[in-house]
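See below for the structure under consideration.
In what follows, every chain begins at residue 1, and chains take the letters A, B, ... in the order their sequences are listed. Predicted model only: the values in this text are computed from it and were never measured.
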Amino acid sequence: MLDNSKTAQIILSWLLAISFVIGILILPKYVFAEDLDDADPPQDLILKGDGKCTVCHDESSDNPILAIGKTKHGTTADHRTPTCTSCHGEGGNHEDTPHKAPMPQRTFGKKSVNSIEERNNACLACHQGGKRMHWSGSTHANRDVACTSCHTIHTEQDKVRNRITQPEVCFNCHKEMRQLINRPYRHPIREGKVICSDCHNPHGSAGPSKMVRDNVNDTCYTCHMEKRGPFVYNHPPVQENCAICHNPHGTTAPNLLRTRSPFICQECHEPNTHQGSSGTLTGAYARNTLARGCLNCHTQIHGSNMPENIRNESMFQR
Amino acid sequence: MFTATLDLRKFQYSIAFFTFLAATTSVYSSETNNDPVKELAKPRSVVNIGAGQLFNDNARFGQYTGLRNEGPYGIFNVDISKRYDDTGTWFKLLGRNLGLQNRDVHFEHSKQGNWGYFIDYSQTPRYEPFTVNTAVTGIGTTDPHIPTSPTTGNPAQLSTERHSIGFGFNKFLPGNLELHFHFRNEEKDGDRIFGRGNRLGEPRLSGFNGMPSPRAIGGFEFIPEPINSTIRIFGTTLDYVGKDLQLSGGYYGTMYNNKNALLTPVGGSTVGGIFSPSEYTPISLAPDNQSHQGFLSGGYSFTPTTRGTFKVAYTRATQTDTFTPSLFTAPGIGSNLGGRVDTALAQAGLTARPLQKLSINTNFRFEDRDDKTPVLFYNPMAAWHDDLNGNRWNGLNNPRSFRTITSKFEASYALPHNFRLVGSVDYEHRDRTGTATNTGHRFRTDELSYRAELRRSLSETITGTISYIHSDRFGSSFLTNTTGSGDPFFNLIAPSNLADRARDKVRFLANWDPIDSLSIQVSIDESFDNYGHRAGSDLGLRKGSARNYSLDATYTFSERLQATAWLSRNETHINQASRNAITDSGIREIWGANLHNIGTSVGLEVTAKPTDKLETGANFMFSDNTDKFNQKVTLEPQVNIVPNLTTQYSNLRLFARYDIRRNLGVRLDYILDHFKTNEWTWTGWRYTDGTTLTQDTNQMASFAFLSVLYSWQ
């Protein structure tokens, strides 16, 4: 049996030894990184094999990269997690002679010399399928949009995946929308309650305009399902495409109508009697312009499910 | 009803409370971390708690947030992210605007690459920006009481609110498979502007074809619509992700349930006898409906440069909501519509690079929306009796089916100096069923588009695109509009979505980085539409145009100071024509309208970090929108005028954040919001029951809030 003092000495010795070993292993990376001997392979900090990158690219470098550790790309317990070279290539020359060949094999920044396709292939090597199934052939792919045009990989907060900041990213290219969302009749886009990716899949879809569902109407129904019907009396453009009458990005006419009543209705309806009346704020036909316009009478404009037909139900009056 | 509202409020507070509890627990269980690498590489959690004061009541600033009434509001946001590095297990809790009415909570627990589940909650209010001054009572119920004569009322605020709860689960399975399941339940409650009305025409001696026309009859009544419905969306997907082949197949279902089938207003005006508003009861509301879809999509990489994708889906949507038994239905009409719409979708695409410099892209999409709802005589007498306008219709319900085929071919060729030349042809073919009654109809439309584009995507200084698109829409002959008795109706207008149209569009986009610290972006696009007409007529849409200009500049003064400024202008123009009703002197004047919409917006954003501990920022945006309704009317020009409509909106946001220590900071925010308009939509309008709608045309609101940020790892 050892007495207590010997036990304490042994424990202390072990602690010192362990501390020494840890100190040898860890400290140089932060304190003496520049003095590394060529014979000592740099130690990995986050990802497998990242030592040869992080030895230079620490947080004080022009291209800090350690924050990737905060992201899903930094979760090493997941066997699928990539390494630096999975995306950036081996970059042998870059590592060996950083001053002569300052770029790794594949870069993603503004000054990248790699083609967009080459850059995107690095992402698609893992992110093919699922919601990105239709990336190939999508408008964004065809217009040379790089994944990194929208996504930032080495940061904890990817702006485009945040509901509040996502529209700013989209507006970098879709500038007209920046104006439309500030019109008086709008979806709550500014509040982050309806955002671009609620309706559009930027990675492509089987629907038009990269709709998240297979067509415009089915996408609108995800929130406005009461418009689906079918009704006893259908209003044909409603069934065909909501966007015939509405601009979901914002308008100056109530209910996101592209143009005000009576003008929008007169783009289709025959001038039988009152249907052809000009816009006015006074007189008998003000009823077609003021308040809900034509909808003052034709209230069920999306369709009426009234089986009776004695009060102009087919004209959507009840 | 009150009890339900109370419970809902309790639920909202419970959500906020549990989020607070989770945040607190997480703070106390956090580890102290002195390892600099871990600090840089471990997920960080932040809690933000504070209070703010809203100055001035408003309708627009708080339309979707509930920040409408002057007073104090709570600030509470959490973003908790915890990862166990040894297992790759994540806990995430995101709570946004928990102290406000538009709160969101998202909780996620997952073992990355193995399994995961999430639960989320979202609350979205919408306040009607106009205040209703009404004597109508029972707002929010299905049997509102309507005054029988104009009555002065009291202010009422209409609003709706959505409460959504969702959850989902995913699990990776052997064989590169992943299973997903998702479910969302959304309750929408409240009330919105609605009404009923019948013509209130000025007296006419005679109507169409010499038929007598009712004189000065009917009226318009304010009937608030009660909203109390549920949307459910659910589905499951099985994904296969292989090196070359990826597949995704599953089920997607939706259900809509409206707790209000009919609106049965009580009272109302009886002036006008059978044409009076009170006769328009009950009023049908949106029926329950549901849909079920099975789908399979996939992609296959034939070679590193050749890939094909596809999707096939089949959807059955039904609407079999029971007609209220007390309603009169014609013989043979069942207890419900028997609505059924089957939609088949098939899509396939192929991208390839047959030559080093040549890329091609083709796509084909077929969608057949087949409305199989039985066609029945809902009003067998319709063809023998005039409607209120003196016309006769066929009394049938009118299901419509659509078949759409779109195809695309695009080729892109690499030129020297990183330029690419792109050419494409798009074709869209639409078939529609239906008949031509009171609007024009054609069974088929086709649209053919050509695009030529020159693009430069790779350059250290200038990248950009210039493109030209021309498209032509045409189709089958317009059917002759006929009434139910077979008589020809008017045949003067080619509806906007069916009319022949020639469209030319030019786009230009350039990104220029003249120096490292300056980035400039210029965007211009213009399009011109020319519409075709029905034979012998030039009514309907004639011409249209749209112009969008934008200029953006970002300047980096230093690592600590950046500024971005932008300007956008949008102009649209529509020229269209219609024809006024017949006057007592027998004149029907053709009149035209030039509708202009002009929008100008500017923005400026500055972010600065004067010291290591202080970060500040300012964001300003101003938007001006003007609608011009230039009508060319000869008869009664003093009456047929629609004044310009202008709306200005500006928003200024300032913030300053000071870090007291590494994990503790304070933040001061200030928002100034200004909305100004001369909108006349409800000005001068008074419902027959006396209801009016008003809004403050010059709304200025400011919101200042101070909060503490605490972060940990």
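- Taking the charged nitrogens against the carboxylate oxygens, R186(A) and E191(A) do have a contact shorter than 4.0 Å, which makes a salt bridge.
- Using a cutoff of 4.0 Å between basic side-chain nitrogens and carboxylate oxygens, R178(A) and D552(B) are scored as salt-bridged.
- Geometrically, R287(A) does not engage Y687(B) in a cation-pi contact defined by less than 6.0 Å to the ring centre and at most 45° from the axis.
- Note on ring orientation: taking the six-membered ring where Trp is involved, the planes of Y233(A) and Y378(B) are perpendicular (angle over 60°, cut-offs 30° and 60°).
- Note: W685(B) and F220(B) meet the aromatic proximity criterion, with ring centroids under 6.0 Å apart.
- Proximity to chain B (any heavy atom under 4.5 Å) is shown, for P64(A), by neither the backbone nor the side chain.
- If you tally non-hydrogen atom pairs under 4.5 Å between each of T76(A), T222(A), L180(A), L295(A) and chain B, the highest count goes to T222(A).
- There is no contact between P237(A) and chain B, counting heavy-atom distances below 4.5 Å.
- Looking at K311(B) and D214(A), a side-chain N of the basic residue comes within less than 4.0 Å of a carboxylate O on the acidic one, giving a salt bridge.
- Looking at E117(A), the atoms closer than 4.5 Å to chain B (heavy atoms on both sides) all sit in the side chain, from C-beta outward.
- Proximity to chain B is limited to the side chain of K193(A), based on heavy atoms less than 4.5 angstrom apart.
- Residue C173(A) does not touch chain B at all, counting heavy-atom pairs closer than 4.5 Å.
- Looking at N172(A), only its backbone comes within 4.5 Å of chain B, counting heavy atoms on both sides.
- In this structure, the portions of E226(A) lying under 4.5 Å from any heavy atom of chain B include both its backbone and its side chain.
- When heavy atoms are compared at a cutoff of 4.5 Å, I193(B) approaches chain A by way of both its backbone and its side chain.
- Heavy atoms of L345(B) lying under 4.5 Å from chain A belong exclusively to its side chain.
- Contact count versus chain B (heavy atoms, under 4.5 Å) is highest, among L66(A), I244(A), L281(A), I116(A), for L281(A).
- Counting heavy-atom pairs closer than 4.5 Å to chain A, the top residue among V241(B), T315(B), N491(B), T683(B) is N491(B).
- Classified by interplanar angle (parallel below 30°, tilted 30° to 60°, perpendicular above 60°), the ring pair H269(A)/H235(A) is tilted.
- Taking the charged nitrogens against the carboxylate oxygens, R432(B) and E240(A) do have a contact shorter than 4.0 Å, which makes a salt bridge.
- Relative ring orientation between H127(A) and H73(A) is described as perpendicular, the plane-to-plane angle rising above 60° on a 0-90° scale split at 30° and 60°.
- Among H79(A), R190(A), H302(A), the residue making the largest number of heavy-atom pairs under 4.5 Å with chain B is R190(A).
- Proximity to chain B is limited to the side chain of I46(A), based on heavy atoms less than 4.5 angstrom apart.
- Aromatic rings from F629(B) and W680(B) are positioned such that their centres are separated by under 6.0 Å.
- Counting heavy-atom pairs closer than 4.5 Å to chain A, the top residue among F675(B), W682(B), F328(B), W566(B) is W566(B).
- Interface residue E679(B): only side-chain heavy atoms are found under 4.5 Å from chain A.
- Contacts between T681(B) and chain A at a heavy-atom distance below 4.5 Å involve backbone atoms as well as side-chain atoms.
- Contact of T54(A) with chain B is not made at all, since no heavy-atom distance falls under 4.5 Å.
- Contact annotation for N481(B): only side-chain heavy atoms (C-beta onward) come within less than 4.5 Å of a heavy atom of chain A.
- Looking at Q239(A) and D371(B), their side chains never bring a donor and an acceptor atom within 3.5 Å of each other.
- Chain A forms more heavy-atom pairs under 4.5 Å with one residue of V639(B), D239(B), V642(B), T351(B) than with any other, namely V639(B).
- For the 3.5 Å distance criterion, the side chains of S412(B) and R455(B) fail to qualify, holding no donor opposite an acceptor.
- For the pair R365(B) and E367(B), the salt-bridge criterion is met [side-chain N within less than 4.0 Å of a carboxylate O].
- Both the backbone and the side chain of P282(B) come within contact range of chain A, judged by heavy atoms closer than 4.5 Å.
- Looking at T299(A), the atoms closer than 4.5 Å to chain B (heavy atoms on both sides) sit in the backbone and in the side chain alike.
- For chain B, the nearby part of R213(A) is the side chain; its heavy atoms alone come within less than 4.5 Å.
- We find that D85(B) and K42(B) are joined by a salt bridge, their nearest charged nitrogen and carboxylate oxygen being less than 4.0 Å apart.
- Of the atoms belonging to V113(A), it is backbone heavy atoms, and not side-chain ones, that fall under 4.5 Å from chain B.
- In this structure, the portion of S112(A) lying under 4.5 Å from any heavy atom of chain B is its backbone and not its side chain.
- With a threshold of 4.5 angstrom between heavy atoms, I574(B) approaches chain A through side-chain atoms but not through N, CA, C or O.
- Only the side chain of R80(A) comes within contact range of chain B, judged by heavy atoms closer than 4.5 Å.
- Using a 4.5 Å cut-off between heavy atoms, T373(B) contacts chain A through its side chain alone, with no backbone atom that close.
- N114(B) does not touch chain A: none of its heavy atoms, backbone or side chain, sits under 4.5 Å away.
- For Y240(B), no part lies near chain A; criterion is any non-hydrogen pair under 4.5 Å.
- Using a 4.5 Å cut-off between heavy atoms, N548(B) touches chain A through its side chain atoms alone.
- Of the listed residues (G684(B), G440(B), S122(B), G339(B)), the greatest number of heavy-atom pairs within a distance under 4.5 Å of chain A belongs to S122(B).
- In this structure, the portions of N102(B) lying under 4.5 Å from any heavy atom of chain A include both its backbone and its side chain.
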